[in-house]
2 protein chains.
Amino acid sequence: MQKETQETLCSKVEESYHIIGKKWMGLIIHCLMEEPKRFGEIHAFIPDLSKRVLNERMKELEECGVVLRNVITERPVRTEYSLTKKGAELGKALKAVEAWADKWL
Amino acid sequence: MQKETQETLCSKVEESYHIIGKKWMGLIIHCLMEEPKRFGEIHAFIPDLSKRVLNERMKELEECGVVLRNVITERPVRTEYSLTKKGAELGKALKAVEAWADKWL
DNA sequence: CCCTTGTGGTTACTTTATGTAACCATATTA
DNA sequence: TAATATGGTTACATAAAGTAACCACAAGGG
């Protein structure tokens, strides 16, 4: 028998876990916190993350407004990714998780 | 050319994102924050999460000390999952993410 | 002119993770 | 005797991620 107080899931909460619950998302946001970075720099920072998936993640982060993509039209073309305000605040929230990690892991 | 300040990834940070970066992890911890719950209750709370994966996630959470499994030897056998101290503190950290979600999503 | 370099991708294919539905063991109840 | 309830487990299908080769572009060297 279920409890009477049938809790229900807040869609915002659900959506946030859908974002940070994807593989590599946390680390990507973490590595953009200090300063904007180029594609290759992120890739160098997280070597186990393939270019294919990194590109996919960056598109997702751009689409949900966490990251801004700035294509620099020099040659060779460079792309710089930076956190938006929204993204920077997500990064700050994730610092709580990192503090937990530092204490417990 | 890479920057001189070659940042390197803290393994604790990496590990924490390896935990919360798995599908459903955040929601499972979220739903255990109020009170301990049984297998079926978690499953009812997150209907799209299959029993197969839920069971797998609970084993992982138990193994990394975030969750405690308590098998109640009544019939039918019931299993109650509760957050450990470590898990409760992770939950508190995740509240920062949920607050972000509430503001930005 | 052709060849190599560096960037940020993309492609085709393999491997891993997750979803799905059926099944199981146990005891209680109808 | 059959159905119910719990917390799983199993075999198989689909989706996500890993891997390595490739591409476009211009710059620079020979």
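We name chains A, B, ... by the order of the sequence lines, and we start the count at 1 in each one.
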K.L.:
Of the options D:dA17, D:dA26, D:dG8, whose atoms approach the side-chain atoms of A:Arg57 most closely?
P.N.:
D:dA17

K.L.:
Are A:Lys95 and A:Glu98 within salt-bridge range, i.e. N to O under 4.0 Å?
P.N.:
no

K.L.:
How many Å lie between CZ on A:Phe39 and P on C:dT10, as a whole number?
P.N.:
8 Å

K.L.:
With a 4.0 Å cut-off, would you call A:Glu80 and A:Lys37 a salt bridge?
P.N.:
no

K.L.:
What is the separation between atom CZ on B:Arg52 and atom C1' on C:dA22, rounded to the nearest whole Å?
P.N.:
14 Å

K.L.:
Please round to the nearest 0.5 Å and tell me the distance separating atom NZ of B:Lys22 and atom NZ of A:Lys23.
P.N.:
8.0 Å

K.L.:
With a 4.0 Å cut-off on heavy atoms, is A:Glu56 in touch with a base, just the backbone sugar-phosphate, or nothing at all?
P.N.:
sugar-phosphate

K.L.:
Which whole-number value in Å describes the distance from A:Ile72 CD1 to C:dT7 C1'?
P.N.:
11 Å

K.L.:
When the distance from CE of A:Met58 to C1' of C:dT7 is rounded to whole Å, what number comes out?
P.N.:
16 Å

K.L.:
What integer distance in Å separates A:Leu54:CG from D:dG18:C1'?
P.N.:
13 Å

K.L.:
Look at the side chain of B:Lys51 and decide which nucleotide, out of D:dG18, C:dG8, D:dT9, has an atom nearest to it.
P.N.:
D:dT9

K.L.:
Take atom NE2 of A:His43 and atom C1' of D:dA17, then tell me their distance rounded to the nearest Å.
P.N.:
13 Å

K.L.:
Considering only D:dG18, D:dG8, C:dT18, which nucleotide approaches the side chain of B:Thr79 most closely?
P.N.:
D:dG8

K.L.:
At less than 4.0 Å, is any side-chain N or O atom of A:Trp24 found next to OP1 or OP2 of D:dA16? Yes or no.
P.N.:
no

K.L.:
Rounded to the nearest 0.5 Å, what's the gap from CD1 on A:Ile29 to CG on A:Leu90? Could you check?
P.N.:
4.5 Å

K.L.:
Looking just at side-chain N and O atoms, do B:Tyr81 and B:Glu41 make a donor-acceptor pair shorter than 3.5 Å?
P.N.:
no

K.L.:
Quick one: is A:Lys59 getting a side-chain N or O under 4.0 Å of the C:dG8 phosphate, OP1 or OP2?
P.N.:
no

K.L.:
Any side-chain N or O of B:Arg38 below 4.0 angstrom from OP1/OP2 of D:dA5?
P.N.:
no

K.L.:
Measure from the side-chain heavy atoms of A:Arg75 and tell me the nearest of D:dC25, C:dT20, C:dT10.
P.N.:
D:dC25

K.L.:
Does B:Lys23 make a side-chain N or O approach to OP1 or OP2 of D:dA15 shorter than 4.0 Å?
P.N.:
no

K.L.:
What's the CG-P distance between A:Asn55 and D:dA24, to the nearest Å?
P.N.:
17 Å

K.L.:
Could you tell me how far apart B:Arg69 (CZ) and D:dT6 (C1') are, to the nearest whole angstrom?
P.N.:
14 Å

K.L.:
By nearest heavy atom, map A:Val53 and A:Val77 onto DNA chain D; which one lands nearer the 5' end?
P.N.:
A:Val53

